[in-house]
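Heads up, the thing below is written out as structure tokens.
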Amino acid sequence: GILDVAGDGMIIEVNPAFAQMLGYGSPAELAGTSHFHLYYDPAAGPRIEKTYRDAETIVGVEAVLRKKDGDRLNVEIHGRVVRGDLGERRGFHGIVRDVTAQRQHEAALRLLSTGLSRLSGNAFFDEVAVQLAALVGTEVGFVGALRSGSTATIRTLGLAIDGKAAPAIEYPLAGTPCEQVFAAGSTLVCPERAPQAFPDDGNLASLDAEAYVAAPLVSATGQVIGHIGVMARRPITQVERVESVVALFALRVEAELERQRSEQRFAGLFEFAPDAMLIANEAGQIVLANRMAEVTFGYGREELLRLSVDDLVPPPDQKRHAALRAGYHGHPTPRVMGTARSRLWAQHKDGVRIPVEISLSPLEMERERLVVSAIRDVTARVRLEEQREQLEAQLRQSQKMDSLGVLSAGIAHDFNNLLAVIAGGTELALAHAAPADPIAGDLTRVAQAASRASELVDQILTFGRANPARHVPVFLRSV
């Protein structure tokens, strides 16, 4: 728009674009009025005047003008001083550009990127509703989620009325503009006469709403799970501007809903994991524990959250563990520890040592680094390994004895052959020796020794399983 102002601050002339920008029917409505009444902030007019006095031209000076209906209009002014033939200041000529949509988008992006980062849960959605309504200049802002059941309903996650967060409400989906948003999966714009378009929606009537704009909230799987929008008590004229800001807020809320769902999924997986799960900070303080951690270590949940991970290590190893923990934070990478060769031990509340396997994973958060520890009690496995080792030792001993038996049987056979020669020779010698001959006694003793040796060979062959065992009756009285 173009604006010509006289030296006394009265408007000389404006073009139709400027008049339309401020909501006036014709330029004549503004001609002859003071330009000071155009500024939303009374101090802005004198400031612009001073800028013109101090410089011949102004470039990109921003101001907020008041539209005919009282709405705010962000503008950017470029202009120059108009002087007479004698150099006297006669007024100024300005070109005014509407930057409301641009500034609203910038404000929305600043808010969505940083202003909401400190909030979570219900506080996040309440603030979204408040800020959305404020940015687009409406009385009501809302974020709602679909609740399935026998009758589909909408429950507000965040609701703002007249600039303040309001308690959550729940209402039937049928007959409301929300129903069209969910059915079509696209933005619904009703710039005026919303109660007449949706007579069954009691909320429109109770809030005295005239206009309605809402966009769907879509999950990562493409399902419409909620909606976000505004309601105004007068018709919305800047429909495209409002629609674009609502769309920006919808993207941020979708991301927050997905984050919350991810947290819920993580919480479920963490809580019901088959292993003991602990999350600790860099100081080793436990900040989160699951139910299996309670079972494994014997502490209650609140007790665990007062402990350090070092407290779950047997006392002789605690100092070393603290040093290892500090070293891990220097190079945090996923790691598995605890094997049969390098056994790790934890300590139960009652002092019993527990063999464990541990998997460590770093978890980067916005303000700190945490470590997730998955701890598996391998007591049952260790017992099975010990039993297996005992059985293997017994098997090896049995195999050794079998080998010894085979070896001894071979030796016994060879020795038996030698004894046969000795025994046979001794019997021949005795047959030719006279009974009174002294050598006969020696030969008799040799024969007796050979017989005893033969019995020993039979025992060795029995041990080596070369000969079957012989069962003979024994008189116990003589034993």
**OP:** Tell me, with the steps shown, if Arg97 and Glu62 meet salt bridge (charged side-chain N to carboxylate O under 4.0 Å, His left out).
**Re:** CA-CA 10 Å; Arg97 185 167 67 93; Glu62 293 199 16; over 6 Å; no
Subject >> side chain to side chain contact (heavy atoms under 4.5 Å, CB included) between Leu307 and Phe297, worked out >> reply: CA-CA 12 Å; Leu307 297 177; Phe297 296 104; over 6 Å; no
Original post:
If you draw a 6.0 Å radius around CD in Gln196, do more than 12 non-hydrogen atoms from other residues or ligands fall strictly inside?
Top reply: yes
Original post:
Are His321 and Gln318 close enough, and set up right, to give a side chain to side chain contact (heavy atoms under 4.5 Å, CB included), and what steps lead you there?
Top reply: CA-CA 5 Å; His321 183 268; Gln318 287 181 358; 5.5 Å; no
Original post:
Rounded to the nearest 0.5 Å, what separation is found between the NZ atom of Lys400 and the CD atom of Gln397?
Top reply: 6.0 Å
**OP:** Could you tell me the separation between the CZ atom of Phe198 and the OG1 atom of Thr176, rounded to the nearest 0.5 Å?
**Re:** 7.5 Å
**OP:** Report yes or no: does Ser454 contribute a side-chain atom to a donor-acceptor pair with the main-chain N or O of Ala450 at less than 3.5 Å?
**Re:** no
**OP:** For the pair Glu303 (side chain) and Gly300 (backbone), establish whether a donor and an acceptor sit closer than 3.5 Å, ignoring hydrogens and angles.
**Re:** yes
Original post:
When you measure from the side chain of Arg369 to the backbone N and O of His329, does any donor-acceptor pair fall under 3.5 Å?
Top reply: yes
**OP:** Measure the shortest side-chain to side-chain distance between Leu312 and Tyr299 over non-hydrogen atoms and say whether it is less than 4.5 angstrom.
**Re:** yes
Original post:
Would you find a donor on one side and an acceptor on the other, under 3.5 Å apart, between the side chain of Asp275 and the backbone of Ile358?
Top reply: no
Subject >> Nearest atoms (heavy-atom pairs only) where Leu443 meets Thr426 >> reply: O-CG2, 3.1 Å
Original post:
Does OH in Tyr171 sit with more than 12 non-hydrogen atoms of other residues, nucleotides or ligands closer than 6.0 Å?
Top reply: yes
Original post:
Salt-bridged, Arg234 to Asp71, with N to O below 4.0 Å?
Top reply: yes
Original post:
Is there side-chain contact between Leu207 and Met231, with heavy atoms separated by less than 4.5 Å?
Top reply: yes
**OP:** Run through Leu278, Ile279, Leu304 and flag the one making a side chain to side chain contact (heavy atoms under 4.5 Å, CB included) with Val287.
**Re:** Ile279
Subject >> Heavy-atom check, side chain of Leu360 versus side chain of Val372, under 4.5 Å >> reply: no
Original post:
Can you tell which of Arg381, Arg376, Arg335 makes a salt bridge (Lys or Arg N to Asp or Glu O under 4.0 Å) with Glu357?
Top reply: Arg381
Original post:
Got a second to check how far Leu146's CG is from Thr153's OG1, nearest 0.5 Å?
Top reply: 7.0 Å
Original post:
Taking 4.0 angstrom as the limit, do Arg265 and Glu258 come out as a salt bridge?
Top reply: yes
Original post:
So, the side chain of Asn281 versus the backbone of Leu370: is there a donor-acceptor pair under 3.5 Å, distance only?
Top reply: no
Original post:
So which heavy atom on Gly185 is nearest to which on Val224, and how close?
Top reply: CA-CG2, 4.0 Å
Original post:
Which pair of non-hydrogen atoms, one from Thr156 and one from Ala168, has the smallest distance, and what is that distance?
Top reply: OG1-CA, 3.2 Å
Subject >> Nearest heavy atoms of Thr296 and Ile354, plus distance in Å >> reply: O-CD1, 3.4 Å
**OP:** From the options Arg241, Arg72, Lys67, select the one residue that forms a salt bridge (Lys or Arg N to Asp or Glu O under 4.0 Å) with Asp98.
**Re:** Arg241
**OP:** Verify the neighbour count for atom CG of Asn122: are there more than 12 heavy atoms of other residues, nucleotides or ligands below 6.0 Å?
**Re:** no
Original post:
Measuring from Leu344:CG to Ile375:CD1, what's the distance to the nearest 0.5 Å?
Top reply: 10.0 Å
Original post:
Between Asn203 and Ile169, is a side chain to side chain contact (heavy atoms under 4.5 Å, CB included) present by the stated rule, with each step listed?
Top reply: CA-CA 10 Å; Asn203 291 322; Ile169 60 173; 4.1 Å; yes
Subject >> Test side chain to side chain contact (heavy atoms under 4.5 Å, CB included) applied to Arg320 and Leu324, step by step >> reply: CA-CA 6 Å; Arg320 179 171 173 270; Leu324 291 173; 3.9 Å; yes
**OP:** Report yes if the side chains of Arg291 and Val295 come closer than 4.5 Å at any heavy-atom pair, otherwise no.
**Re:** no
Subject >> Glu179 side chain vs Gly175 backbone, donor-acceptor pair below 3.5 Å >> reply: yes
Original post:
Are any of the side-chain nitrogens in Glu282 or Arg325 under 4.0 Å away from the carboxylate oxygens of its partner?
Top reply: no
Original post:
Do Asp442 and Arg445 meet the salt-bridge criterion of a basic N to acidic O distance under 4.0 Å?
Top reply: yes
Subject >> Sub-4.5 Å side-chain heavy-atom contact between Ser361 and Ser373 >> reply: no
**OP:** For the residue pair Gln390 and Gln394, confirm or rule out a side-chain donor-acceptor distance under 3.5 Å.
**Re:** no
Subject >> salt_bridge(Arg147, Glu170) N-O dist < 4.0 Å >> reply: yes
Subject >> Residues Ser308 and Gln285: side-chain donor-acceptor under 3.5 angstrom >> reply: no
Original post:
So which of Gln264, Glu263, Glu256 actually passes side chain to side chain donor-acceptor pair (under 3.5 Å) with Gln260?
Top reply: Glu256
Original post:
Does a side-chain N-to-carboxylate-O contact under 4.0 Å join Arg233 and Glu139?
Top reply: no
**OP:** For residues Pro315 and Gln347, determine if any side-chain heavy atom of one lies less than 4.5 Å from a side-chain heavy atom of the other.
**Re:** yes
Subject >> Considering all heavy atoms, the nearest Ala215-Thr187 contact >> reply: CB-OG1, 3.5 Å
Original post:
Mind checking whether Val64 and Leu73 have side chains closer than 4.5 Å, heavy atoms only?
Top reply: no
Original post:
Would you say the side-chain atoms of Glu192 pair up with the backbone N or O of Ala211, donor to acceptor, closer than 3.5 Å?
Top reply: no
Original post:
Quick check: does any side chain N or O of Arg155 sit under 3.5 Å from a backbone N or O of Gly144, one acting as donor and the other as acceptor?
Top reply: no
**OP:** Please say whether more than 12 non-hydrogen atoms of neighbouring residues, nucleotides or ligands are located less than 6.0 Å from CD1 in Ile439.
**Re:** no
Original post:
Do Glu254 side-chain atoms and Val218 backbone N/O form a donor-acceptor pair below 3.5 Å?
Top reply: yes
Original post:
Roughly how far apart are Cys178 SG and Asp201 CG, rounded to 0.5 Å?
Top reply: 6.5 Å
Original post:
What residue among Val136, Thr138, Thr237, Leu132 forms side chain to side chain contact (heavy atoms under 4.5 Å, CB included) with Val242?
Top reply: Val136
Subject >> Minimum heavy-atom distance Ala280-Val309, with the two atoms named >> reply: CB-CG1, 3.9 Å
Subject >> Non-hydrogen side-chain atoms of Ile225 and Leu257 separated by less than 4.5 Å >> reply: yes
Original post:
What distance do Glu240 atom CD and Glu243 atom CD have between them, rounded to the nearest 0.5 Å?
Top reply: 7.5 Å
Original post:
Ring centres of Phe142 and His227 under 6.0 Å apart?
Top reply: yes
Subject >> Residues Arg301 and Glu294 bridged, charged N to O under 4.0 Å >> reply: yes
